[in-house]
Amino acid sequence: GENVEQHPSTLSVQEGDSAVIKCTYSDSASNYFPWYKQELGKRPQLIIDIRSNVGEKKDQRIAVTLNKTAKHFSLHITETQPEDSAVYFCAASKVKAAGNKLTFGGGTRVLVKP
Amino acid sequence: GAVVSQHPSRVICKSGTSVKIECRSLDFQATTMFWYRQFPKQSLMLMATSNEGSKATYEQGVEKDKFLINHASLTLSTLTVTSAHPEDSSFYICSAPHGPRTSGGAHFNEQFFGPGTRLTVL
């Protein structure tokens, strides 16, 4: 089955700096890669996603890049703010019509220091 | 739209009892729902895929007789933790796909998560 590894497990950045989280996946058939933000005791919230036919996607301060050949994808957060502090999870799946089973990375705890 | 609810949000029970957790899609129908378990400071681990009108599909290492899943309607899936023990204490989250939406020129269903149920077994 799919295996997703995520690094680093914790990340501390100064407010205004950039944060980068990296993930690798094992199944070359995976074609959908979402990123979730989870605050303590809350549900994961989708923040950005990318399909395998796209190499990069950006949404305001958040961007994701995908390298299919190397089977890795990354989340970039620019101009970090204290409210960006949370746990971030990457995931990978194969998209099917009835839904897609997600395999999550281990998570990155991001702390933005004011 | 695309709201998923869970009930209860928190439950504390004695060891040996059974606990039922409900997952509902409030404004859409879901033939498939997913159940995840999340231990403190860990990732979400998929337990099983709940299929409306048929048996659930369990991930390797998940005991199907212990974690009973019933997907009786297009908006409701239930997870029953039978004979719960302290090691079953965890955050249980369901999700349901809804769509389609378009990304990168393709259509797919986005996963919508419930708010989670924190189970504590004493």
Side-chain angles (χ1 to χ4, degrees), chain A residues 1-7 9-10 21 23 30-59 64-66 68 73 86-109, chain B residues 2-6 9-10 23 25 28-52 54 57-61 74 77 91-118:
Chain A
E2 175 66 278
N3 182 50
V4 178
E5 297 200 357
Q6 183 171 345
H7 298 280
S9 57
T10 60
I21 303 170
C23 288
S30 289
N31 56 7
Y32 173 61
F33 308 94
W35 285 88
Y36 293 90
K37 176 183 180 182
Q38 187 182 32
E39 297 177 353
L40 189 63
K42 301 283 181 67
R43 76 186 86 194
Q45 298 277 5
L46 179 70
I47 56 172
I48 196 167
D49 55 17
I50 192 167
R51 287 292 304 273
S52 57
N53 57 346
V54 176
E56 185 174 357
K57 184 176 177 182
K58 188 174 181 181
D59 183 3
V64 58
T65 58
L66 170 66
K68 281 192 301 181
F73 55 113
V87 180
Y88 291 80
F89 292 99
C90 63
S93 75
K94 293 184 277 279
V95 174
K96 298 182 293 186
N100 42 289
K101 185 168 73 170
L102 295 170
T103 301
F104 283 86
T108 299
R109 189 171 300 274
Chain B
V3 178
V4 176
S5 70
Q6 272 183 251
S9 57
R10 289 177 179 272
C23 177
S25 54
F28 66 100
Q29 294 182 334
T31 56
T32 301
M33 291 183 175
F34 300 97
W35 286 97
Y36 295 86
R37 180 168 51 182
Q38 186 176 32
F39 292 110
K41 296 188 178 181
Q42 292 190 25
S43 187
L44 287 83
M45 298 299 295
L46 179 67
M47 299 175 66
T49 302
S50 175
N51 304 298
E52 188 269 335
S54 65
T57 306
Y58 290 82
E59 295 300 300
Q60 194 171 9
L74 289 171
S77 175
F91 193 50
Y92 291 85
I93 308 177
C94 68
S95 74
H98 178 61
R101 57 175 279 244
T102 303
S103 177
H107 298 289
F108 68 99
N109 293 331
E110 181 180 335
Q111 290 286 346
F112 291 88
F113 287 86
T117 297
R118 184 158 306 281

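Per chain, numbering begins at 1; letters A, B, ... match sequence-line order. Note: hydrogens, waters and symmetry copies are ignored here, and every other heavy atom, side chains too, is used.
Residue B:L46 touches chain A through its side chain alone, counting heavy-atom pairs closer than 4.5 Å. Neither the backbone nor the side chain of A:Q45 comes within contact range of chain B, judged by heavy atoms closer than 4.5 Å. Interface remark: A:L102 contributes backbone and side-chain atoms alike to the contact with chain B (heavy atom separation under 4.5 Å). In this structure, chain A has a heavy atom under 4.5 Å from the side chain of B:E59, while its backbone stays farther away. In this structure, chain A has a heavy atom under 4.5 Å from the side chain of B:Q38, while its backbone stays farther away. For a residue to count as touching a neighbouring chain, one of its non-hydrogen atoms must lie under 4.5 Å from one of that chain's; by this rule B:F91 touches chain A with the side chain only.
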Please step through side chain to side chain contact (heavy atoms under 4.5 Å, CB included) for the pair B:F113 and A:Q38, ending with a clear verdict.
CA-CA 11 Å; B:F113 287 86; A:Q38 187 182 32; over 6 Å; no
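The side-chain heavy atoms of A:F89 and B:L44, taken from C-beta on, include a pair separated by under 4.5 Å.
Residues A:R43 and B:V4 share a closest heavy-atom pair of NH1-O, 3.2 Å.
Atom CG in A:L46 sits 8.0 Å away from atom CZ in B:F112 (nearest 0.5 Å). Interatomic distance, CZ of A:F104 versus CD of B:Q42, reported as 14.0 Å (0.5 Å rounding).
With sequence neighbours left out, B:S43 forms a side chain to side chain donor-acceptor pair (under 3.5 Å) with no residue at all.
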